[in-house]
Structure formats: structure tokens, C-alpha cells
Amino acid sequence: MRQVPPSSMIEIQITAPGGPDVLQPHSTPTPQAGPGELLVRVEAAGVNRPDVLQRAGHYPVPPGASPIPGLEVAGTVAALGQGVRGFALGDAVCGLTNGGGYAQYCVIPAGQVLPVPKGLSWRQAAAIPETFFTVWANLFDMGHAGKRDTVLIHGGSSGIGTTALMLCREFGIRAFATAGNAEKCDAIRALGGYPINYRETSFVESVLEQTDGRGVDVILDIMGGSYFNDNLAALALDGRLLIIGFLGGAVAREANLAAIAHKRAHVTGSTMRRRTAAEKAAIADLLRTHVWPVLAEGRCLPIIHAVYPLERAADAHRAMEAGQHIGKLVLEISH
Ligand SMILES: NC(=O)c1ccc[n+]([C@@H]2O[C@H](COP(=O)([O-])OP(=O)(O)OC[C@H]3O[C@@H](n4cnc5c(N)ncnc54)[C@H](OP(=O)(O)O)[C@@H]3O)[C@@H](O)[C@H]2O)c1
């Protein structure tokens, strides 16, 4: 028998901008699905670097979005908002939220929800949406990465990086990836990528050497300002630079604009959370067509580094900030 959602639930609040300790469990009324939305009874929620940035006060919540952290969940459909088609109560789903994933229940626009691919656990399904939506939208949609291209992925062991590497391997694309230690380089190699330890080698020199001086066609960059000039130097003619993170700052000092012209480079970027519901739904459709069948066959499954109970979300954030993880961190929710 299906359960009626309880009137109250536990969520993790950011009590004030700050360190992991500001993440506190809190009892609150269970949200209700509005028109076009689903209420999901959450079994697991993914942890992503943007959650850490939001907690620290460096990632303002877009207008109208939940201030509760958590950009991806997996669970069962607990209620359907007006006008929602294609889902039934009890369906096993995973979705890209607009926030609010660190909770027992979460409301998500139906267009951002997909079925749990066959054979995947809650943990695996919860670890998919944020990085798969982001990598697809940037590397494949905006960056047009294809079989003839070579790609450079910064942060190859990150949630984003491991997803990008697996999808490159799946679609026959040669990928280089940077990482800061030997263990992470081994992980990149195991995912079919060519690792570059950026603490020991210049990634520009390494990429140019491996491509006979040509450079790479597409770069997926999470560093921003600190890598801007080097990224242009590593780019091939007509190359595409996709900036999706700013771990090295949002300002490029002494940016070499001439290199953009000489290389006919396309420099762009995006943030998933700011996209409209219609844009996110369009990306969901592309993933359903191109990637969901691959996941259902057991390939490109997310790499899960560690799992924490929801109440220990602060420990998951400490682990992410320590930066030793390879792949994803996940929260498991009890009811
Ligand atoms: N734009 C969007 O829509 C969007 C969506 C999701 C995530 N993001 C961004 O994507 C990035 C990764 O997110 P995530 O959740 O996957 O985080 P994560 O798993 O914590 O990964 C962060 C990575 O940064 C790497 N790193 C740090 N300094 C580096 C350097 N100098 N060169 C290369 N790598 C370096 C770390 O690896 P090492 O130990 O090897 O340095 C680590 O793998 C974050 O910047 C996040 O904000 C953007």
C-alpha cells in the first residue's frame, strides 16, 4: 500500500553561511507539488561542489529556488502536481532539483525527472543527474564533442570529471584529464582517459606533446581564471573552451585575447542551476535518448566514493572539501 506523505519531514538547513557545521537537521512541513511538479520521497541525494559553495555563501540561490541544498535525488513519486503526465505514484525516479535535495521529500519540475535506469541502486541513481546534465549540456551540446575530437577535462577524478571521462569513452572520444596525485591519475586511466598530474607536469606541454603540437578540440574547465591563458594555449584551431567552474577564480588576469583570435577559439560556459525549466527538460530528453540506454546496460555507472546518512551531511561536505574523493559522495535518507 502506498503511503500518504507525512505532514512534516526532516531537511538539512544552512543555518548561516559558513563551514560544514552550519548544516543542521530541521523539522519542516512536507512541501507540496505545484502544477507541473512531482513530490519525490527521497531515498538518496547526491552531494556536489556547488552545494559546498552555496553553504559557504559563494553561490547565491536563484530566485524562486529552494534554499535547502541538494541538486539531485532518487526516490519514489509520492504525489503528482496538476497537469503532470507520464508518471504514476510509486514510480522509481531520479531528478535534477532546483534545490531541496537534502531532505526526506523534494519537489521537482516533472521535466527534470527521469526513470531510475534499470538495475541501478538508489545511491547510483541519485549520483547521476547533476553531473550528467552538466556534462551533456556543456561537452556534447554546447561543445559539440564528437568522435574526431580530442578533449581535455580538468579535475578528472571529480564527480564532473569521472562522468565526462566515462561518456567520452562511451562515445569514442579521446580524452586527457588533469588530477593532483597518482591515485587520481590511476582512476583516470581506469576510465579510459590519459592522465596528466598537474602538480608534476604542465598540462599545456603534455597535451601539445600528445597531439603533435595541434592541441585539443574541446576543454571542459572547472578552474576558470587561473587556467584561462593555459587553456587557450592547449586549444587546437577552432577549439571550444567550456568554463563551468571557478575553483581558480572568476577573473582572468592578463587574459591573452589575441590567442582567441589566432585560434578562432570559442570561449563559453554555463551554470546548470540558472537554466530555465524548459532548458533543463530539453537536456533531460537528450539524456533519455543518448545516455539512459547506456546506463541500463550497466555502462557509465557513477563512481561512488562514500555514502553518509542525511543527518551527517556535514561530514560529506568535510570529505568534499578535503578533496581526496574519486567520483561522487552520496547521502542516504531514512524515513
Ligand atoms: N556550471 C555548472 O553547471 C556546474 C555544475 C556542477 C558542477 N560544477 C563545477 O564543477 C566543478 C567540479 O564539481 P564536482 O561536484 O565534480 O566537485 P569535486 O568532485 O569536489 O571536484 C573538484 C575537483 O577539483 C580538482 N582540482 C582542484 N584544483 C585543481 C587544479 N589546479 N587542476 C585540476 N583540478 C583541480 C580536484 O582534484 P585534484 O585533487 O586533482 O586537484 C577535484 O577533483 C566545481 O567547480 C563545480 O562548481 C559546475
Side-chain angles (χ1 to χ4, degrees), residues 20 45-56 58-60 62 69-72 96-99 101 112 126-139 141-143 152-166 176-188 191 193 195-204 206-207 219-228 230-231 234 241-250 268-275 279-280 283 302-306 316-330:
V47 176
N48 293 282
R49 181 68 57 160
D51 307 347
V52 171
L53 299 174
Q54 180 185 335
R55 188 211 71 218
H58 303 315
Y59 193 159
L71 296 170
E72 56 184 356
L96 180 79
T97 76
N98 294 333
Q112 296 163 212
I128 289 173
E130 173 69 5
T131 62
F132 279 72
F133 273 69
T134 301
V135 170
W136 191 271
N138 288 280
L139 201 52
D141 202 17
M142 295 169 70
L152 171 64
I153 298 155
H154 287 304
S157 66
S158 65
I160 289 282
T162 51
T163 301
L165 281 165
M166 291 189 294
F176 301 91
T178 54
N181 68 34
E183 193 194 348
K184 292 181 174 188
C185 286
D186 286 346
I188 289 167
L191 293 173
I196 301 169
N197 186 333
Y198 66 85
R199 292 187 205 278
E200 293 176 352
T201 320
S202 146
F203 74 81
V204 179
S206 181
V207 154
I219 300 179
L220 187 64
D221 178 45
I222 60 170
M223 297 305 292
S226 63
Y227 273 16
F228 188 73
D230 281 351
N231 277 335
L241 169 59
L242 288 305
I243 303 173
I244 63 162
F246 303 95
L247 296 175
T268 184
S270 69
T271 52
M272 184 53 62
R273 207 171 179 190
R274 286 178 183 274
R275 286 181 183 264
E279 288 171 331
K280 290 175 184 171
I283 298 164
I303 292 160
I304 307 219
H305 183 85
H317 277 220
R318 279 186 201 98
M320 182 157 274
E321 285 176 305
Q324 295 308 305
H325 61 289
I326 291 172
K328 298 277 302 191
L329 304 172
V330 174

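Heavy-atom basis, side chains included; hydrogens, waters and symmetry copies ignored. Just so you know, ligand 1 is whichever comes first in the structure, and atom 1 is the first atom listed for that ligand. When a residue number appears, it is its place in the shown sequence, counting from 1.
- Side-chain contact between E130 and L96 is present, with heavy atoms from C-beta onward closer than 4.5 Å.
- Ligand 1 places these atoms under 4.0 Å from at least one heavy atom of G245: 45 (O).
- Only the backbone of S270 comes within 4.0 Å of ligand 1, judged by heavy-atom distances.
- How far CG of N138 is from CE of M272: 6.5 Å, rounded to the nearest 0.5 Å.
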(request) Please assess Y59 against R273 for the test side-chain contact (heavy atoms from CB on, under 4.5 Å), listing each intermediate value before the final yes or no. (result) CA-CA 10 Å; Y59 193 159; R273 207 171 179 190; 3.3 Å; yes

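- In this structure, of R275, M223, H154, the residue bringing a heavy atom nearest to atom 35 (C) of ligand 1 is M223.
- If you check which protein heavy atom lies closest to atom 21 (O) of ligand 1, you get S158 CB, 2.9 Å.
- Counting only non-hydrogen atoms, the option in M272, H305, H58, Q54 that gets closest to atom 3 (O) of ligand 1 is M272.
- Taking every non-hydrogen atom of L247 and a distance limit under 4.0 Å, the qualifying atoms of ligand 1 come out as 24 (O), 45 (O).
- Here S157 contributes atom OG and D186 contributes atom CG; the two are 11.5 Å apart, rounded to the nearest 0.5 Å.
- Close to ligand 1: S157, with a non-hydrogen atom less than 4.0 angstrom away.
- Of all protein heavy atoms, the one closest to atom 39 (O) of ligand 1 is K184 NZ, 2.5 Å.
- Those atoms of ligand 1 that come under 4.0 Å of a heavy atom in M320, given as number and element, are 20 (O).
- I153 approaches G161 most closely through the heavy-atom pair CG2-CA, 3.9 Å.
- With distances taken over non-hydrogen atoms, the option nearest atom 25 (C) of ligand 1 out of I222, D221, N181 is I222.
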(request) Starting from the C-alpha separation in whole Å, work towards a yes-or-no answer on side-chain contact (heavy atoms from CB on, under 4.5 Å) for T134 and T131. (result) CA-CA 5 Å; T134 301; T131 62; 5.6 Å; no

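- Atom CG of L329 and atom CG of N48 lie 9.0 Å apart (nearest 0.5 Å).
- An N or O contact shorter than 3.5 Å links R49 to ligand 1 by distance.
- Ligand 1 has no N or O atom lying under 3.5 Å from any N or O atom of R273, backbone or side chain.
- The structure places CG of D230 at 8.0 Å from NE2 of H154, a figure rounded to the nearest 0.5 Å.
- Polar contact check, I244 against ligand 1: a nitrogen or oxygen pair lies under 3.5 Å apart.
- Residue A179 has at least one heavy-atom neighbour below 4.0 Å for each of these atoms of ligand 1: 40 (O).
- With ligand atoms numbered from 1 in the order given, ligand 1 contributes 16 (O), 19 (O) to contacts under 4.0 Å with heavy atoms of G159.
- Ranking the protein heavy atoms by distance from atom 40 (O) of ligand 1 puts G180 N, 2.7 Å first.
- Not counting sequence neighbours, K184 has no partner by the salt bridge (charged side-chain N to carboxylate O under 4.0 Å, His left out) test.
- Distance from atom 5 (C) of ligand 1 to its nearest protein heavy atom, with residue and atom name: E130 OE2, 3.1 Å.
- In summary, of the residues considered (L152, L241, T178), a side chain to side chain contact (heavy atoms under 4.5 Å, CB included) with D221 occurs for L241 alone.
- A137 and I283 get closest at one heavy-atom pair: CB-CD1, 3.7 Å.
- Of the candidates L53, T134, I160, I160 brings a heavy atom nearest to atom 16 (O) of ligand 1.
- Counting atoms of ligand 1 from 1 in the listed order, those under 4.0 Å from a heavy atom of T178 are 33 (C).
- Using the six-membered ring where Trp is involved, F203 and Y227 have ring planes that are tilted, between 30° and 60° apart.
- Near G155, meaning under 4.0 Å from one of its heavy atoms, ligand 1 places the atoms 33 (C), 34 (N).
- Panel note: side chain N181, backbone E183; a donor-acceptor pair is recorded below 3.5 Å.
- Considering backbone and side-chain N/O atoms, F246 never comes within less than 3.5 Å of an N/O atom of ligand 1.
- Looking at residues two or more places apart in sequence or on another chain, you find no side-chain hydrogen bond (donor to acceptor under 3.5 Å, both in side chains) involving S158.
- Nearest-heavy-atom check against atom 26 (N) of ligand 1 across F203, Y198, Y227 picks out Y198.
- The shell of residues lying under 4.0 angstrom from ligand 1, judged by heavy atoms, includes H325.
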